[in-house]
Novice: 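Starting off with a structure, shown below.
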Amino acid sequence: MKLNDPTTWLEADTVIEMDEHPQLGQVRVRQWIDLHFYRAPGQKVNLILVQRMKPMSNGQAFPPLWLAWVGERTLPLETVWFKYLRRFGVDHWYRFVKQRLHWTLPNLRTPEQSERWSDLMPLMSWQLWLASTARRKYTDYIYGRIT
């Protein structure tokens with residue numbers, strides 16, 4: 001199965017179509033279950049294809065989004081669709097922690113140190129978010145914007 005050649009695709013195991021999403025238009029999500037790579041026949045992988053059917057403003061089709069799921073449990077396609085809709089917030093968070101909190105900057109020596117550093121990233125971003133909320137409430141109180 002070559003991803004860039006639809007003539008080689010197998011019949012999808014699961015297909016759902018959303019008729020009209022307010023921002024995305026018509027969307028088709030397909031899933032192929034229990035595939036494997038040529039050189040790793042023991043490793044099962046599920047392929048998920050998200051296609052926006054509505055063309056871009058210049059008339060060209062949106063590029064397809066291929067996702068791979070490797071794990072013991074298969075998610076229902078409806079769950080994958082809702083996670084797809086929430087990806088923008090996650091993408092922005094990853095960019096924030098990489099660029100502003102320097103997630104990838106430290107040269108750590110062991111996998112345990114890398115895991116510990118990665119565990120701190122969500123905690124640091126929550127602390128910043130909570131601090132910004134507290135600062136906003138404090139400045140509103142000081143300048144009399146809260147009645």
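Quick caveat: nothing in here was measured; it's all calculated off a predicted structure.
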Novice: When clusters are formed by joining ILVMFWY residues with side-chain heavy atoms under 4.5 Å apart, either directly or through shared neighbours, do Phe37 and Val70 land in the same one?
Specialist: yes
Novice: Take atom CG of Asn107 as the centre, draw a 6.0 Å sphere, and report whether it contains more than 12 heavy atoms from other residues, nucleotides or ligands.
Specialist: no
Novice: Heavy atoms, side chains only, cut-off 4.5 Å: are Leu47 and Met1 in contact?
Specialist: yes
Novice: As a quick check of understanding, evaluate side-chain contact (heavy atoms from CB on, under 4.5 Å) for Ile33 and Lys44, giving each step before the final call.
Specialist: CA-CA 8 Å; Ile33 299 173; Lys44 302 282 186 188; over 6 Å; no
Novice: So which pairs with a foot in residues 45-68 pass ring pair (Phe, Tyr, Trp, His ring centres under 6.0 Å), sequence neighbours left out?
Specialist: Trp9-Trp66, Trp32-Trp66
Novice: When clusters are formed by joining ILVMFWY residues with side-chain heavy atoms under 4.5 Å apart, either directly or through shared neighbours, do Leu3 and Leu10 land in the same one?
Specialist: yes
Novice: Which atom names give the shortest non-hydrogen contact between Gly25 and Lys54, and what distance separates them?
Specialist: CA-CD, 4.3 Å
Novice: Using the rule that Ile, Leu, Val, Met, Phe, Trp and Tyr join whenever any side-chain heavy atoms are under 4.5 Å apart, tell me whether Val15 and Leu49 fall into a single cluster.
Specialist: no
Novice: State, yes or no, whether a side-chain contact exists between Met121 and Met124 at a heavy-atom distance under 4.5 Å.
Specialist: yes
Novice: Rounded to the nearest 0.5 Å, how far apart are OG1 of Thr79 and CG of Leu77?
Specialist: 8.5 Å
Novice: Side-chain contact test, heavy atoms from C-beta onward, threshold under 4.5 Å: evaluate it for Asp34 versus Asn46 and give yes or no.
Specialist: yes
Novice: Show the nearest heavy-atom pair for residues Pro41 and His36, with the distance to one decimal.
Specialist: CA-ND1, 3.4 Å
Novice: Can you confirm whether Phe96 is buried at CZ, in the sense that more than 12 heavy atoms of other residues, nucleotides or ligands lie under 6.0 Å from that atom?
Specialist: yes
Novice: So if you build clusters from Ile, Leu, Val, Met, Phe, Trp, Tyr with side-chain heavy-atom gaps below 4.5 Å, do Trp126 and Trp103 land together?
Specialist: no
Novice: How long is the straight-line distance from CD of Gln51 back to CG of Leu65, given to the nearest 0.5 Å?
Specialist: 10.0 Å
Novice: To the nearest 0.5 angstrom, please state how far the CG atom of Leu35 sits from the CH2 atom of Trp69.
Specialist: 15.5 Å
Novice: Distance check, rounded to the nearest 0.5 Å: Glu17 atom CD versus Arg28 atom CZ?
Specialist: 4.5 Å
Novice: List the atom of Ser114, the atom of Leu108, and the distance in Å for their closest heavy-atom pair.
Specialist: CA-CD1, 3.6 Å
Novice: Would a distance-only check, ignoring hydrogens and angles, find a side-chain to backbone donor-acceptor pair under 3.5 Å from Thr14 to Gln31?
Specialist: no
Novice: For residues Leu105 and Val97: do they belong to one hydrophobic cluster (side chain heavy atoms under 4.5 Å, members Ile, Leu, Val, Met, Phe, Trp, Tyr)?
Specialist: no
Novice: If you compare all heavy atoms of Thr8 against all heavy atoms of Asp5, which two are closest, and at what distance to 0.1 Å?
Specialist: OG1-O, 2.8 Å
Novice: Nearest 0.5 Å, please: how far is CH2 in Trp93 from NZ in Lys98?
Specialist: 10.0 Å
Novice: Under 4.5 Å between any side-chain heavy atoms of Lys2 and Thr7, yes or no?
Specialist: no
Novice: Rounded to the nearest 0.5 Å, what separates atom CZ in Arg52 from atom CE in Met18?
Specialist: 12.0 Å
